[in-house]
Amino acid sequence: MTEHVRVRFAPSPTGNLHIGGARTAIYNWAFARHHGGEFILRIDDTDKERSTDENTTQILRAMRWLGLDWDEGPEVGGDAGPYYQTQRGKFYAEALETLKANGHAYPCFCTPEAIEAKREAARSESNFWGYDRTCRSIPRDEALARAKAGEPHVWRVKVQDELGDITINDAIRGEVSWPVNVMDDFILVRTDGSPTYMFATVVDDWKMGITHIIRGDDHLSNTPRQIAVYQALEAEIPTFAHMGLIFGADGKRLSKRHGATSVESYAEEGYLSEALLNYLSLLGWSIDETTTLFDRERLIAEFDLARVSNNPSVWDPEKLEWMNGVYIRELGDEGLAQRMVPWLIEAGLLDAERAADRHEWLLELAPLISERVKTMSEIAPMVTFLFADEIVIDEASREKVLAKEGAGRSLDVAAQLLEALDEFSAEAIEAALRSIHEITGVKAKIAFQAVRVAVTGTAVSPPLFESIALLGRERTLARIIAARPSSAL
RNA sequence: GGCCCGUUCGUCUAGCGGUUUGGACACCGCCCUCUCAAGGCGGAGAUCACGGGUUCGAAUCCCGUACGGGCUACCA
């Protein structure tokens with residue numbers, strides 16, 4: 001059981017890294033780290049039509065953003081490379097030679113049309129139809145000669161029925177078995193000489209020494225056929241682990257229709273990678289009955305395939321949002337002050353060169369917003385009033401708050417009091433504004449709301465006194481004065 | 001059609017023969033309070049898909065049914 005672990009994540013660059021793939025990557029990564037083994041990244045780019053370098057770049061970027069470092073793969077190399085399937089042609093060719101030599105594969109000269117016709121016929125009787133092994137009975141010498149002569153052919157695996165039913169001991173589901181007779185002699189190498197997925201993936205996993213294949217449930221049904229390839233290759237069969245898929249709220253496989261699905265889109269929306277990692281880890285896995293928050297060290301320490309659930313789970317954006325809020329608060333003032341800088345720059349509120357000068361100020365801002373935002377992208381809209389020279393007062397708030405009895409007088413008095421303050425601190429500002437009630441008889445809450453709308457432009461804002469302190473006396477007074485009813489004309 | 005897999009609060013899950021089915025998100029109420037949040041306390045929410053067994057005893061084991069999903073390609 002002290003076997004050295006090697007696992008892989010093999011995304012296809014036909015799109016960017018999505019939520020489901022990311023979770024598969026996380027589980028493989030955590031498993032490797034837990035066991036001190038290797039986590040390998042392989043790019044399954046055999047679909048030349050749809051694969052792009054841009055997608056590969058995005059996948060690598062998203063992996064790094066999530067903190068999923070790989071021991072072998074693109075950009076880091078490794079002894080089992082290359083790590084792009086399109087560069088591994090010689091391994092497939094070698095493997096085919098092995099199968100020709102041991103007789104576990106044979107050339108098939110049936111035309112696609114002929115096969116399709118037979119399949120149609122079978123389908124009309126609603127029966128299973130696998131390849132009927134026509135070419136399996138061609139004498140070996142003759143078959144090889146015809147293939148060599150250039151007659152169009154594919155290579156099929158000679159399924160070894162004598163080996164009996166196929167059974168795996170899935171690390172997540174336990175024992176699963178299939179009758180051999182549901183498998184036909186499927187194609188390994190196409191007419192054009194390229195390997196099929198079923199062949200390429202097995203050859204790669206074999207050549208790369210993969211010990212555990214942790215993947216989505218959708219591959220469970222492919223497993224017996226892959227095992228047939230391992231058997232043909234006389235290769236050692238790895239341990240399989242199939243986890244349930246991630247679905248949308250409607251129970252369908254997660255897709256664009258369910259909103260953002262790519263990891264990068266979550267990064268762009270202001271989700272913290274540690275929060276996404278935590279949430280995704282928990283979608284189909286658990287530490288115990290109560291733990292929901294944990295960091296990557298804990299994930300590595302606790303990760304266990306036996307605790308991965310085998311049923312599909314539904315993607316819950318609200319829970320992710322909640323969790324992201326937790327992580328933002330856990331950043332602390334210093335952490336949040338630093339992390340929010342790019343978001344403020346992006347929003348045009350902060351000058352990239354001057355960000356460092358504003359650090360102290362941002363440090364004071366951090367606690368005002370940390371418990372009010374769930375994503376980083378919510379910060380800028382919330383604090384725009386602190387950066388802008390002038391603000392526009394929200395009409396609804398103006399009507400609801402500033403039109404109230406006593407609001408106007410409160411603003412007049414507030415302006416006088418704030419102007420007279422010696423020290424423009426949150427404490428002093430609060431004391432001053434609280435005295436409006438004694439002076440005017442206007443309820444404190446009404447006065448505060450009036451000042452809030454005048455200063456921030458809306459009826460909902462970060463804490464008022466602290467915000468005013470950060471805004472500064474000059475801009476505060478200008479806004480209060482501008483908001484007075486008498487200034488309205 | 002055939003072969004596989006799955007089914008515990010709306011959602012994520014804990015449970016692995018004996019617990020009042022535990023926790024989290026969301027929801028509701030109260031407290032705190034300068035708005036909004038955050039936080040604290042409490043509440044509601046699950047005939048464990050259904051039907052048969054096995055057993056002194058089943059959410060847990062077995063069989064069947066229903067529903068959902070996957071595979072059944074010279075796609076991956």
Side-chain angles (χ1 to χ4, degrees), chain A residues 10-12 14 44-47 49-51 85 108 111-112 115-116 119 122-130 152-156 170 173 176-179 181-184 186-198 200-201 216-225 242 244-245 247 249 251-253 279 282-293 307 309-323 325-326 329 368-374 382 397 401 430 433-434 444-449 451-453 456 458-467:
Chain A
S12 178
T14 53
D44 282 8
D45 54 352
T46 51
D47 187 340
E49 305 288 300
R50 299 186 298 147
S51 296
Q85 280 194 327
C108 168
T111 64
I115 285 175
E116 190 46 45
R119 183 177 289 133
R123 197 155 19 219
S124 62
E125 290 164 37
S126 67
N127 284 325
F128 163 75
W129 191 83
H153 62 283
V154 298
W155 286 88
R156 290 182 182 274
D170 193 284
R173 296 162 198 266
V176 183
S177 61
W178 297 263
N181 59 29
V182 302
M183 255 189 303
D184 66 348
F186 57 93
I187 295 172
L188 301 176
V189 176
R190 303 185 184 98
T191 309
D192 68 1
S194 64
T196 59
Y197 163 76
M198 220 54 81
T201 196
D217 194 37
D218 48 340
H219 286 288
L220 183 59
S221 298
N222 289 149
T223 306
R225 281 179 291 154
H242 292 95
L245 264 25
F247 292 100
K252 297 269 163 42
R253 269 174 87 157
Y279 176 72
L282 229 34
L283 215 54
W285 175 73
S286 61
I287 292 179
D288 52 36
E289 52 263 323
T290 55
T291 307
T292 52
L293 266 12
R307 290 196 65 89
S309 73
N310 45 11
N311 41 20
S313 46
V314 173
W315 178 251
D316 182 1
E318 285 187 328
K319 189 161 185 176
L320 204 216
E321 226 184 24
W322 162 78
M323 195 174 277
V326 172
R329 274 169 258 136
L368 306 193
I369 56 171
S370 69
E371 56 199 38
R372 265 163 266 269
V373 295
K374 290 199 163 69
M382 191 174 284
S397 301
V401 177
E430 175 167 5
L433 296 183
R434 281 194 187 284
K445 290 199 177 198
I446 296 199
F448 292 159
Q449 277 304 81
V451 174
R452 184 188 311 283
V453 170
T456 71
T458 67
V460 175
S461 80
L464 185 58
F465 317 123
E466 289 81 355
S467 294

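All values below come from the heavy atoms of this structure, side chains included, with hydrogens, waters and symmetry mates left out. What you are looking at is a predicted structure, and each value in this text was computed from that prediction instead of being measured. In the text below, chain A, chain B and the rest are named by the order of the sequence lines, each starting its count at 1.
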Under 4.0 Å between a side-chain N or O of A/Arg119 and OP1 or OP2 of B/U72?
no

By nearest-heavy-atom nucleotide on RNA chain B, the more 5' of A/Glu318 and A/Leu464 is A/Glu318

Practice problem: Please check the phosphate of B/U35 (OP1 and OP2 only) for any side-chain N or O of A/Lys445 closer than 4.0 Å. | Solution: yes

A/Arg173 (side chain) and B/C5 (base): donor-acceptor pair under 3.5 Å: no

Check: Using a cut-off of 4.0 Å on non-hydrogen atoms, how would the nucleic acid contact of A/Ser309 be classed: base, sugar-phosphate, or nothing?
Finding: sugar-phosphate

With the side chain defined as heavy atoms from C-beta on, A/Val460 is closest, among B/A24, B/C71, B/C36, to B/C36

Less than 4.5 Å apart, any side-chain heavy atom of A/Arg452 and any of A/Val401? no

With no angle test and no hydrogens, is the base of B/C74 tied to the side chain of A/Thr196 by a donor-acceptor pair under 3.5 Å? no

Of A/Trp315 and A/Arg307, the one whose nearest nucleotide on RNA chain B sits closer to the 5' end is A/Trp315

- Task: For B/C50 versus B/C31, give the span between their C1' atoms, rounded off to a whole number of Å.
- Result: 45 Å

Under a 3.5 Å limit on both distances, the Watson-Crick or wobble mate of B/G6 is B/C67

ask   = Within the structure, does a side-chain N or O atom of A/Asn222 lie under 4.0 Å from either OP1 or OP2 of B/C71?
value = no

* Answer yes or no: is there a donor N or O on one side and an acceptor on the other, between the side chain of A/Ser12 and the main chain of A/Asp44, under 3.5 Å? => yes

Whole-Å distance, A/Glu466 CD to B/U35 P, equals 13 Å

A/Asp288 CG to B/C16 P, in whole Å, measures 13 Å

### Query
If the C1' atom of B/G45 is compared with that of B/C25, how far apart are they to the nearest Å?
13 Å

Whole-Å distance, A/Met323 CE to B/U13 P, equals 12 Å

Pairing partner of B/A38, by Watson-Crick or G-U wobble and under 3.5 Å for both distances, is none

Answer for the Watson-Crick or wobble partner of B/G18, both distances under 3.5 Å, is B/C56

*With rounding to whole Å, what would you report as the distance between B/C62 and B/G23 at their P atoms?*
29 Å

When rounded to whole Å, the CD to C1' distance for the pair A/Glu289 and B/U60 reads 16 Å

Between B/U13 and A/Ser313, is there an OP1 or OP2 to side-chain N/O distance shorter than 4.0 Å?
yes

Separation of B/C4 atom C1' from A/Met183 atom CE, nearest Å, is 12 Å

By the Watson-Crick or G-U definition, both distances under 3.5 Å, B/G1 is matched with B/U72

Between CE of A/Met198 and C1' of B/G70 the distance, given in whole Å, is 12 Å

Q.
Looking at A/Lys374, I'd like to know whether one of its side-chain N or O atoms comes within less than 4.0 Å of OP1 or OP2 on B/A38.
A. yes

Side-chain contact check for A/Ser286: nearest option of B/U13, B/U35, B/G23 is B/U13

Taking B/C4, B/G6, B/C71 as options, the one with an atom nearest any side-chain atom of A/Asn310 is B/G6

With the side chain defined as heavy atoms from C-beta on, A/Arg329 is closest, among B/A24, B/A38, B/C4, to B/A38

Would you please indicate if the ring centroids of A/Trp322 and A/Tyr279 are separated by under 6.0 Å? no

In whole Å, measure the gap between the P atoms of B/A49 and B/G10 for me. 12 Å

Note to self: Under 4.0 Å, heavy atoms only, any strand: does A/Pro312 hit a base, just the sugar-phosphate, or nothing?
What the structure shows: sugar-phosphate

Are the side chain of A/Arg372 and the backbone of A/Pro462 linked by a donor-acceptor contact shorter than 3.5 Å? no

One should read off an interatomic distance between A/Leu464 CG and A/Thr456 OG1, to the nearest 0.5 angstrom, of 7.5 Å

What integer number of Å spans the C1' atoms of B/U8 and B/A46? 7 Å

With the side chain defined as heavy atoms from C-beta on, A/Ser221 is closest, among B/G70, B/U13, B/A76, to B/G70

In whole angstrom, give me the gap between the C1' atoms of B/U54 and B/U47. 22 Å

Under 4.0 Å: is that the gap between some side-chain N or O of A/Arg434 and OP1 or OP2 of B/C34? yes

* With a 4.0 Å cut-off on heavy atoms, is A/Gly284 in touch with a base, just the backbone sugar-phosphate, or nothing at all? -> sugar-phosphate

Task: Side chain proximity check, A/Phe448 to A/Phe465, heavy atoms < 4.5 angstrom - done: yes

| Mind checking the C1' distance from B/A58 to B/C16? Whole angstroms is fine. | 12 Å

Any side-chain to backbone donor/acceptor pair from A/Thr196 onto A/Ile187? Under 3.5 Å, distance only.
yes

- Determine the interatomic distance between P on B/C63 and the same-named atom on B/A14; round to the nearest Å. 23 Å

With the side chain defined as heavy atoms from C-beta on, A/Trp322 is closest, among B/U7, B/C3, B/A24, to B/A24

TODO: Would you classify A/Thr458 as touching base, sugar-phosphate or nothing, given that sugar-phosphate means primed atoms plus P, OP1 and OP2, and contacts are heavy atoms under 4.0 Å?
DONE: nothing

Touch check for A/Val314, heavy atoms < 4.0 angstrom, all strands: base, sugar-phosphate only, or nothing? sugar-phosphate

* Asked: OP1 or OP2 of B/U7 less than 4.0 angstrom from a side-chain nitrogen or oxygen of A/Asn311, does that happen here?
  -> yes

Notebook entry, point to check: Heavy atoms under 4.0 Å, any strand shown: does A/Ser461 hit a base, just sugar-phosphate, or nothing?
Noted result: base

To the nearest angstrom, the NE2-P distance between A/His219 and B/C71 comes to 9 Å

In this structure, CG of A/Asp170 is separated from CG of A/Leu220 (nearest 0.5 Å) by 6.5 Å

Look at the side chain of A/Asp45 and the backbone N and O of A/Gln85, then say whether any donor-acceptor pair between them is shorter than 3.5 Å.
yes

Atom CD1 of A/Ile187 and atom P of B/C74 are separated, to the nearest Å, by 4 Å

- Message: Students often get this wrong, so: under 4.0 angstrom with heavy atoms, is A/Phe186 touching a base, only sugar-phosphate, or nothing?
- Response: nothing

### Task
Determine yes or no for a side-chain-to-main-chain donor-acceptor pair under 3.5 angstrom, with A/Arg307 supplying the side chain and A/Ile287 the backbone.
yes

So what does A/Pro224 hit on the nucleic acid, given a heavy-atom distance under 4.0 Å: a base, only sugar-phosphate, or nothing? nothing

For B/C27, the nucleotide meeting Watson-Crick or G-U wobble distances (both under 3.5 Å) is B/G43

From the candidates B/C3, B/A76, B/G6, the one with an atom nearest any side-chain atom of A/Thr46 is B/A76

Quick note, A/Trp178 side chain, CB onward, closest among B/C3, B/G69, B/U11 is B/C3

